[in-house]
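Encoded as structure tokens, the structure appears first; notes follow it.
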Amino acid sequence: MTWIVQNLWLIPVLPIFASAVAALLRQRSRILAAALAIGSLAVSFLLSLCAFAHVLANHGADQVLTFNFRWFQFGNEWLQLGWMLDPLTAVMLVMVSFVGLLIFIYSLGYMAHDENFTRFFCFMALFAGAMLGVVIANSLLLLFMCWEIVGLTSYLLIGFWYHKPEAAAAAKKAFITTRIGDLAFLLGMVWLYAKTGTLLFYNAGAGCLESSALTHLVAQTAVFGLTLSTAIGILIFCGAAGKSGQVPLHVWLPDAMEGPTPVSALIHAATMVAAGVFLIARIYPLMSAHAGISLTPTIALQVVTWVGAITAIFGAIIAVAQFDIKRILAYSTISQLGYMMMGLGVGGVAVGMFHLITHAFFKALLFLGAGSVIHGCNGEQDIRRMGGLRKYMPITFAAYAAGMLALCGFPFFFSGFWSKDEILHAAHNWSISQAPFYMAAFGALLTAFYMTRQVYYIFAGTSRSSEESHDLSHATSHPHESPAVMTVPLVILATFAVLLGFIGTPAWPWFQSFLGGNRAVFSLAAFFAAGIIPIMFSSSLLVFLGLGLGWIFYGRRPIVSAAAPDPLGKLQPQLYSVLNHAFFVDALYGATLIRLNTLWSSICDWLDQWVWNGAVQTVSYLVLVVAWLDNFFDASVVNSGFDEGCEGVSRGGQLLSLLQGGQVQSYMRIIGCALIALTLFLLWGVRQ
């Protein structure tokens, strides 16, 4: 076993240790806190590169290297934890640490004037370390522990500006919503342990993802005729759906925009939302396990596919009617996460993970670009009050345009095109139904449209920042380009948003081959495989159609006023209002689930006060009565008789004490009197 496998634990522990040290620092230790966070993640990135290089050098050999150890014993059983290194782990480690490092560096500029700068980097380091722990875990229990730390830090970071009621509410909403999914995840994990006796993924043939355990799981039937592996897989998927914002547990993700923009970038690109997709990729052998040889996808993968397809189109439809720059990107993230889940369901690990990796770079770019825009516009987030920023912020505009085209899937030159097309191709060949393909295709059209709309609102036309501003400072200060510490990460991410897709083209499917343990072969003939060219042509046509519709609605006639109605909204105001309010899902939850929960809590409160508390009060009163009777009997009966007996003994003792005065003269008198009495008695007896 090589040193990198044995010391893989250092990759997550270093940022966690930096977070622990930063937690002990004073608020004015800003430079030290930032240095600890950035330095620790930089070292983690270097170690991740070493791990990646090791996997690359040994490609085709043993694909899974593990290090397991005993944690604690209960009865005769030992609970084991461990970490692992395989191609999936190696890729994720490099992505999380590298993108996270760029976001950390960007934060130096974005959070420079925040009074809680030190606390921010403390939380960010813990967040990154927890996600890296999720990636390396070879135990579902260890993964779940790191998973919950990710949930905790997301709560702390979303509510970082806790003085804002919206931020505090968003943090609670994110924490509670994801806990709903995590409860199902926990049940699935416990069920898996009960049936296999282990939570290690790989353990020399005895892991829960290895053939012996999977054979045992698919041979048993759970509820509704589902195999045990499928039932457990669906429960674990619920946890992934919560973390990755899948319908209907998506409601927390748009509100997470209340946190600082670097937090949004970290959550939506490299860490939290990616954790759910990664979890399904990690347990894919469990999700896809069949009782025999079958080409039909399992029920678990069908659930993943349909939920992903619905989420992809749902988020895209809502995004066309949003005006907050970050909220548009948030619904875009929901949509793209749906694509990733659908890719896992219809095409396997490589298909879904390729889009996850490319999305991590261009979505981090878009969020950081949005942060640069917000920074340059003095905190403004409403795209209606922007406009004309291209001339004020040329670097941000160029980088943002690259991210926008990558997200839209602009043909050939941007990474999103290749990863999205692979999902579309797999969905087109799905044996169950063609519906997810058409849903994904329509989502691609909407993606190009709403991103074109956003770019025209922000960068085209003339500045509208002085109109109806919430802050008078907006009317007197011009937009400005962000400092180099913020723009350099944008340029680096933009470069990867363009180039990264070329590692997964049909002609050179290096990424897919790497995850599958094969060697990639370059061949232009692969483009002429069945269905490749038609899918590429159709998706390109949809992208151009979306870009064209965006230009027709928002580019042909520049937006001149912040108060002007949205051109698309004028066509169908009522429908547009429904989309703007996200189909009123939050209101629906408020009127149903939350109201039901409130009613149930009121019932529980009534039961607590009048039933359970009444029963407790009744028992307490009975106890008080018994205590009063006991006290009365003790005081009036027992104590009275005992006290009188004690007083009699005391009086007898007092009388006897008179005979024990301690004076010899008294004793002599008594003896003399007794002698006289004895003499008289004897004389009386003789006389008789």
Side-chain angles (χ1 to χ4, degrees), residues 1-16 41 43-69 80-101 128-147 149-150 199-204 207-210 240 243 270-272 274-287 340 344 348-357 360 503 510-518:
M1 184 178 296
T2 60
W3 69 271
I4 188 60
V5 177
Q6 290 180 324
N7 296 288
L8 203 65
W9 60 275
L10 287 172
I11 296 176
V13 166
L14 286 173
I16 294 174
L41 197 57
V43 176
S44 294
F45 173 58
L46 294 176
L47 291 173
S48 298
L49 288 177
C50 293
F52 182 83
H54 176 77
V55 174
L56 192 61
N58 295 276
H59 200 242
D62 189 0
Q63 291 295 297
V64 180
L65 301 174
T66 62
F67 185 92
N68 302 322
F69 59 93
Q80 291 184 291
L81 301 180
W83 54 81
M84 64 183 297
L85 180 60
D86 66 343
L88 179 61
T89 301
V91 167
M92 284 293 293
L93 284 176
V94 173
M95 184 276 288
V96 173
S97 58
F98 182 56
V99 175
L101 180 60
M131 182 60 194
L132 292 169
V134 168
V135 171
I136 71 167
N138 185 39
S139 163
L140 193 60
L141 177 59
L142 179 59
L143 188 150
F144 186 76
M145 292 160 63
C146 295
W147 179 279
I149 298 175
V150 169
L199 291 176
L200 291 176
F201 295 135
Y202 299 97
N203 186 26
C208 63
L209 296 185
E210 297 184 275
K243 274 286 192 293
T271 55
M272 185 172 178
V277 179
F278 171 80
L279 174 62
I280 301 304
R282 175 58 77 204
I283 66 165
Y284 194 82
L286 175 68
M287 303 288 288
M340 296 174 208
L344 290 171
V349 173
V351 175
M353 289 304 298
F354 186 36
H355 196 56
L356 182 148
I357 297 298
I503 66 172
W510 178 88
F511 182 85
Q512 297 86 335
S513 300
F514 178 74
L515 289 187
N518 305 314

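Reckoned from all heavy atoms, side chains included, excluding hydrogens, waters and symmetry mates.
- Side chains of F201 and V64 form no contact here, defined as non-hydrogen atoms less than 4.5 Å apart.
- Looking at N138, N68, L141 one by one, the single match for side-chain contact (heavy atoms from CB on, under 4.5 Å) with L81 turns out to be L141.
- Distance alone, capped at 3.5 Å, places no donor-acceptor pair between the W83 side chain and the V135 backbone.
- In this structure, the separation between CZ on R282 and OG1 on T89 is 4.0 Å, given to the nearest 0.5 Å.
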* **Verdict with reasoning, M95 to L356, per side chain to side chain contact (heavy atoms under 4.5 Å, CB included)** => CA-CA 10 Å; M95 184 276 288; L356 182 148; 3.7 Å; yes
* To do: Take V91 and M353, measure what side chain to side chain contact (heavy atoms under 4.5 Å, CB included) needs, and give me the verdict at the end.
  => CA-CA 9 Å; V91 167; M353 289 304 298; 5.8 Å; no
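- Across P15 and L41, no two heavy atoms sit closer than the pair CG-CD1, 4.1 Å.
- One distance of note links CG of L88 with CZ of F514; it measures 9.5 Å at 0.5 Å rounding.
- Applying the side-chain contact (heavy atoms from CB on, under 4.5 Å) test between M84 and each of T66, L65, L200, V5 identifies T66 as the sole match.
- The shortest side-chain heavy-atom distance between L132 and L93 falls under the 4.5 Å cut-off.
- Here the CD1 atom belonging to I11 is positioned 10.0 Å from the CG atom belonging to L46, to the nearest 0.5 angstrom.
- Within the model, atoms CE of M340 and CD1 of I357 stand 9.0 Å from one another, a figure rounded to the nearest 0.5 Å.
- For the pair M131 and V150, the tightest heavy-atom approach, listed with the atom from each and the gap, is N-CG2, 3.8 Å.
- Checking side-chain atoms of Q6 against main-chain N and O of F67 turns up no donor-acceptor pair under 3.5 Å.
- Taking each heavy atom of V99 and A360 in turn, the nearest pair found is CG1-O, 4.2 Å.
- To the nearest 0.5 Å, atoms CG (L47) and OG (S97) are separated by 9.0 Å.
- Put simply, the side chain of L344 does not reach to within 4.5 Å of the side chain of M287, judged on heavy atoms.
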* Asked: Should L85 and I136 be marked as a side chain to side chain contact (heavy atoms under 4.5 Å, CB included) after you check the CA-CA gap, both sets of side-chain angles, and the distance that decides it?
  -> CA-CA 7 Å; L85 180 60; I136 71 167; over 6 Å; no
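- Across all non-hydrogen atoms, the minimal contact from P285 to L209 is CB-O, 4.0 Å.
- The minimum heavy-atom distance between Q512 and F354, with the atom names listed, is NE2-CD2, 4.0 Å.
- How far CZ of F69 is from CH2 of W9: 10.5 Å, rounded to the nearest 0.5 Å.
- Heavy-atom minimum distance, L14 versus V43: CD1-CG1, 3.5 Å.
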